[in-house]
**Student:** 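First the structure, which I've put down as structure tokens, then a few questions once you've had a look.
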2 protein chains.
Amino acid sequence: MRPVPWNLGRATRQRAEIMEMLAKTAEFIGAQEVHNRLRQSGSTIGLTTVYRTLHALAEAGEIDTVRLDNGEQHYRRCSNGRHHHLICRHCARTVEIRGPGIESWAQAVAGAHDFVEVNHTLELFGTCASCRDVLDAGPDADRWMST
Amino acid sequence: MRPVPWNLGRATRQRAEIMEMLAKTAEFIGAQEVHNRLRQSGSTIGLTTVYRTLHALAEAGEIDTVRLDNGEQHYRRCSNGRHHHLICRHCARTVEIRGPGIESWAQAVAGAHDFVEVNHTLELFGTCASCRDVLDAGPDADRWMST
DNA sequence: TTTACAATGAAAACCATTTCCAACAAAATG
DNA sequence: CATTTTGTTGGAAATGGTTTTCATTGTAAA
């Protein structure tokens with residue numbers, strides 16, 4: 001079996017499947033949906049394993065995460081380097097963007113208030129062009145996702 | 001009864017209690033804790049009402065909200081004007097900070113990708129000075145809150 | 001191999017939040 | 001003031017994403 005490309009323990013079929021799924025998915029995706037898609041592809045992977053693996057990958061910094069308004073955690077493989085996301089709140093279409101120099105600003109602000117181990121979250125949410133078209137088409141057309 | 005200072009329907013005892021609680025609480029606080037504190041003060045308010053009211057206040061822009069890593073939604077009365085927060089991930093101590101000109105940048109980035117109705121979230125998380133001291137004191141001392 | 005122990009997964013537990021709905025009370029009306 | 005209207009309340013039950021439990025399985029080292 002091909003070794004898993006991240007040092008997170010043993011190489012298993014399930015982890016390879018999840019990596020492959022992430023590799024071919026451009027948008028943010030939730031654990032439940034990863035599980036569904038793998039099952040439909042014939043996998044017998046368990047939901048628990050999907051949750052565990054995605055959580056571990058995120059913790060290791062291998063994938064990005066965003067928390068949607070409804071509380072769901074979504075994941076996405078990310079390119080290297082600092083970046084943020086512009087996410088369509090309807091279809092979850094995602095554009096990876098480079099932020100302005102937030103890092104140094106965050107460090108400075110935190111330091112000024114005696115905070116250490118600083119993280120920051122910066123995400124943009126909006127309505128993408130195609131979703132706007134659908135929405136304009138008529139009311140009651142927005143049944144995709146909670147806002 | 002003193003009228004509720006926000007146009008969100010009828011003025012009730014419960015809403016006044018919640019407003020008062022928020023008025024004297026400087027830190028971010030969750031719905032459950034608002035409920036607990038009010039009950040300990042002798043109130044008979046229901047948990048459902050607390051959830052409903054906080055949600056409505058947030059929707060109306062009367063209070064700020066942050067989503068913690070564990071999924072809990074916390075609330076805090078906010079000053080007017082654009083600002084962000086520096087939040088201790090252990091004790092939830094909060095410093096209100098003014099961000100750099102994120103708004104215009106967000107608008108520009110979103111526009112460039114044909115997104116409309118743009119929101120953004122920008123929050124800093126860290127460990128405050130006093131929590132760092134406690135943590136340094138010894139392991140197993142960090143039982144406050146999930147990270 | 002054999003062994004040690006990490007990983008898996010079905011089911012159950014968790015837990016913040018929401019929904020249901022009958023009782024209640026604020027505001028409007030007569 | 002009495003009455004009606006209708007938004008509000010709150011206990012219980014439901015929801016739903018995520019985590020825990022634990023017996024079983026599979027990986028990789030010895």
Side-chain angles (χ1 to χ4, degrees), chain A residues 1-19 21 28-60 63 65-75 92 144-147, chain B residues 1-19 21 28-60 63 65-75 92 144-147:
Chain A
M1 177 177 296
R2 175 161 54 82
V4 176
W6 25 282
N7 64 336
L8 239 55
R10 295 177 178 173
T12 64
R13 170 179 59 79
Q14 292 86 343
R15 288 179 182 178
E17 287 175 359
I18 291 175
M19 286 304 287
M21 177 89 263
F28 274 93
I29 185 177
Q32 312 250 14
E33 195 163 350
V34 169
H35 181 247
N36 285 341
R37 293 190 189 179
L38 289 178
R39 283 299 184 109
Q40 288 186 352
S41 305
S43 172
T44 60
I45 193 172
L47 182 56
T48 308
T49 300
V50 175
Y51 272 105
R52 266 192 299 240
T53 304
L54 290 176
H55 186 271
L57 283 169
E59 190 118 317
I63 56 180
T65 71
V66 277
R67 173 93 60 172
L68 302 187
D69 279 352
N70 60 23
E72 277 180 49
Q73 191 78 252
H74 279 214
Y75 304 87
W144 297 296
M145 182 180 294
S146 79
T147 311
Chain B
M1 178 178 294
R2 176 160 51 84
V4 176
W6 24 284
N7 62 336
L8 238 58
R10 294 178 179 175
T12 65
R13 170 178 58 79
Q14 292 85 341
R15 289 178 181 177
E17 286 174 1
I18 291 176
M19 286 304 288
M21 177 88 262
F28 273 92
I29 185 176
Q32 312 250 15
E33 196 164 348
V34 169
H35 181 247
N36 285 342
R37 294 189 190 179
L38 289 177
R39 281 300 183 111
Q40 287 185 354
S41 304
S43 173
T44 60
I45 194 171
L47 183 56
T48 307
T49 301
V50 175
Y51 273 105
R52 265 192 301 239
T53 305
L54 290 176
H55 187 272
L57 282 169
E59 189 117 320
I63 56 180
T65 72
V66 278
R67 173 92 61 172
L68 271 47
D69 278 352
N70 60 21
E72 277 181 46
Q73 190 80 252
H74 279 213
Y75 304 87
W144 299 294
M145 184 179 292
S146 80
T147 310

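Note: hydrogens, waters and symmetry copies are ignored here, and every other heavy atom, side chains too, is used. Per chain, numbering begins at 1; letters A, B, ... match sequence-line order.
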**Student:** Rounded off to whole Å, could you give me the CD-to-C1' distance for the A:Glu33 and D:dG17 pair?
**Tutor:**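 Roughly 14 Å, once rounded to whole Å.
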
**Student:** How bent is the helix from C:dT1-D:dA30 to C:dG30-D:dC1, measuring the angle between the end axes built from five pairs each, rounded to 10°?
**Tutor:**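 The two end axes of the helix from C:dT1-D:dA30 to C:dG30-D:dC1 meet at 30°.
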
**Student:** Suppose we call a contact any N or O donor and acceptor under 3.5 Å apart; does that hold for the side chain of A:Arg52 and the base of D:dT19?
**Tutor:**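 Per atom types, no contact qualifies.
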
**Student:** Please give, in whole Å, the distance from C:dA27 C1' to B:Arg15 CZ?
**Tutor:**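 Atom CZ in B:Arg15 sits about 13 Å away from atom C1' in C:dA27.
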
**Student:** Name the closest nucleotide to the A:Glu72 side chain, picking from D:dG17, C:dT17, D:dT9.
**Tutor:**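 Taking heavy atoms from C-beta onward, the closest nucleotide is D:dG17.
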
**Student:** Quick one, A:His55 and A:Glu59 - any side-chain contact, counting heavy atoms below 4.5 Å?
**Tutor:**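 Yes; the side chains approach each other to less than 4.5 Å.
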
**Student:** Measure the spacing between CD of B:Glu72 and CZ of B:Phe28 and express it to the nearest 0.5 Å.
**Tutor:**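 That separation rounds to 13.5 Å.
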
**Student:** Which nucleotide, C:dG9, C:dA6, D:dT18, lies nearest any side-chain atom of A:Tyr51?
**Tutor:**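 Within the option list, the nearest is D:dT18.
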
**Student:** Once you round to the nearest 0.5 Å, how far does CG of A:Asn36 lie from OG of A:Ser41?
**Tutor:**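 Atom-to-atom, A:Asn36:CG and A:Ser41:OG are 10.5 Å apart.
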
**Student:** Taking the side chain of B:Arg10 as heavy atoms from C-beta outward, which of C:dG9, D:dG7, D:dT19 is closest to it?
**Tutor:**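 The listed nucleotide nearest to B:Arg10's side chain is D:dG7.
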
**Student:** Considering every strand and a 4.0 Å limit on heavy-atom distances, what is the contact class for B:Gln32: base, sugar-phosphate, or nothing?
**Tutor:**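 Since a base atom lies under 4.0 Å of B:Gln32, the category is base.
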
**Student:** What verdict does the side chain to side chain contact (heavy atoms under 4.5 Å, CB included) test give for B:Met21 and B:Glu17, after you've listed the backbone C-alpha separation in whole Å, the side-chain angles of each residue and the deciding distance to 0.1 Å?
**Tutor:** CA-CA 6 Å; B:Met21 177 88 262; B:Glu17 286 174 1; over 6 Å; no

**Student:** Looking at NE2 of A:His74 and CD of A:Gln32, how far apart are the two atoms once the value is rounded to the nearest 0.5 Å?
**Tutor:**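 Those atoms lie 9.0 Å apart.
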
**Student:** Mind checking whether B:Arg37 and B:Ile29 have side chains closer than 4.5 Å, heavy atoms only?
**Tutor:**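 A side-chain contact exists here, since the closest heavy-atom pair is under 4.5 Å.
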
**Student:** How close or far is atom P of D:dT8 from atom CD of B:Glu17, stated in whole angstroms?
**Tutor:**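 It works out to 16 Å between those atoms.
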
**Student:** Drop me the distance from B:Leu38's CG to B:His35's NE2, to the nearest 0.5 angstrom.
**Tutor:**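 Those atoms lie 8.0 Å apart.
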
**Student:** NE2 of B:His35 versus P of C:dA16: gap in Å, rounded?
**Tutor:**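 These atoms are roughly 13 Å apart.
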
**Student:** Grab the CZ-C1' distance between A:Arg13 and D:dT25 for me, whole Å please.
**Tutor:**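 These atoms are roughly 11 Å apart.
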
**Student:** Examine distances only and state if a side-chain atom of A:Arg39 and a backbone atom of A:Leu47 form a donor-acceptor pair shorter than 3.5 Å.
**Tutor:**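 The answer is no, because no donor-acceptor pair under 3.5 Å joins these two groups.
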
**Student:** Starting at atom CG of A:Leu57, determine the distance to atom P of C:dA7, rounded to an integer number of angstrom.
**Tutor:**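 Taking atom P of C:dA7 as the reference, CG of A:Leu57 is at 12 Å.
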
**Student:** Kindly state which residues belonging to residues 37-50 of chain A come within less than 4.0 angstrom of DNA chain C, counting heavy atoms of the residue only, listed by number.
**Tutor:**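 DNA chain C contact set from residues 37-50 of chain A: A:Arg39, A:Thr44, A:Ile45, A:Gly46, A:Thr48, A:Thr49.
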
**Student:** Atom CD of B:Gln14 to atom P of D:dG7: distance rounded to whole Å?
**Tutor:**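 Taking CD of B:Gln14 and P of D:dG7, I get 17 Å after rounding.
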
**Student:** Using distance alone, with no hydrogens and no angle criterion, decide if B:Thr49 and B:Gln14 have a side-chain donor and acceptor under 3.5 Å apart.
**Tutor:**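 Absent: no donor and acceptor within the cut-off.
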
**Student:** Given atom CG of A:Leu54 and atom P of D:dT19, what is their separation to the nearest angstrom?
**Tutor:**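 In whole Å, D:dT19 P lies 10 Å from A:Leu54 CG.
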
